Amino acid sequence: MMMDELSEDLLTFEEFEEKLQIGRTTAYRLLQSSDIKAFKIGRYWKIPRAAVSEYISRKSNLKFY
């Protein structure tokens, strides 16, 4: 897998907020609680798209194919 493909699989913090339509405080709480599997590089959060989809699926009982 190439680096470009990997980076496309990651959301920035701002993209994460937009995707879930939540505010900054709620986004930080979700990430810090480990409800969504994410990691930091330096002071910047990197959130896998798959982790966000899994979270939505768990919370809504929907299946993504």
Side-chain angles (χ1 to χ4, degrees):
M1 187 176 283
M2 298 179 66
M3 282 306 264
D4 287 343
E5 291 174 14
L6 285 175
S7 64
E8 288 177 7
D9 289 340
L10 297 175
L11 297 172
T12 64
F13 186 82
E14 291 76 17
E15 291 169 333
F16 171 64
E17 287 178 292
E18 287 177 26
K19 185 152 184 88
L20 288 182
Q21 299 178 346
I22 57 176
R24 185 169 294 273
T25 301
T26 302
Y28 277 124
R29 276 194 209 130
L30 279 175
L31 295 175
Q32 291 171 342
S33 71
S34 298
D35 273 349
I36 294 180
K37 304 297 180 210
F39 59 96
K40 287 177 91 173
I41 297 177
R43 48 180 245 205
Y44 298 102
W45 283 99
K46 300 298 179 183
I47 305 105
R49 288 180 192 276
V52 176
S53 292
E54 289 168 13
Y55 173 78
I56 293 169
S57 180
R58 276 196 324 271
K59 293 297 184 179
S60 64
N61 294 322
L62 296 176
K63 299 293 179 200
F64 290 93
Y65 297 98

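All figures in this text were calculated on a predicted structure; none of them were measured in a lab. Just the heavy atoms: all of them, side chains too, but no hydrogens, waters or symmetry mates, feed the values below. In what follows, residues are counted from 1 in the order of the sequence shown.
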Closest approach of [X] to [Y] (non-hydrogen atoms, all atoms of both residues):
| X | Y | answer |
| --- | --- | --- |
| E17 | A27 | CG-CB, 3.9 Å |
| D35 | R58 | O-NH2, 2.6 Å |
| A38 | P48 | CA-CD, 4.1 Å |
| L10 | K46 | CD1-CB, 4.2 Å |

Report yes if the side chains of [X] and [Y] come closer than 4.5 Å at any heavy-atom pair, otherwise no.
| X | Y | answer |
| --- | --- | --- |
| Y55 | K37 | no |
| L20 | T26 | no |
| Q32 | W45 | yes |
| L11 | I36 | no |

If you group Ile, Leu, Val, Met, Phe, Trp and Tyr by side-chain heavy-atom gaps below 4.5 Å, do I47 and Y44 land in one group?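 As far as the 4.5 Å side-chain criterion goes, Y44 and I47 are not connected within one cluster.
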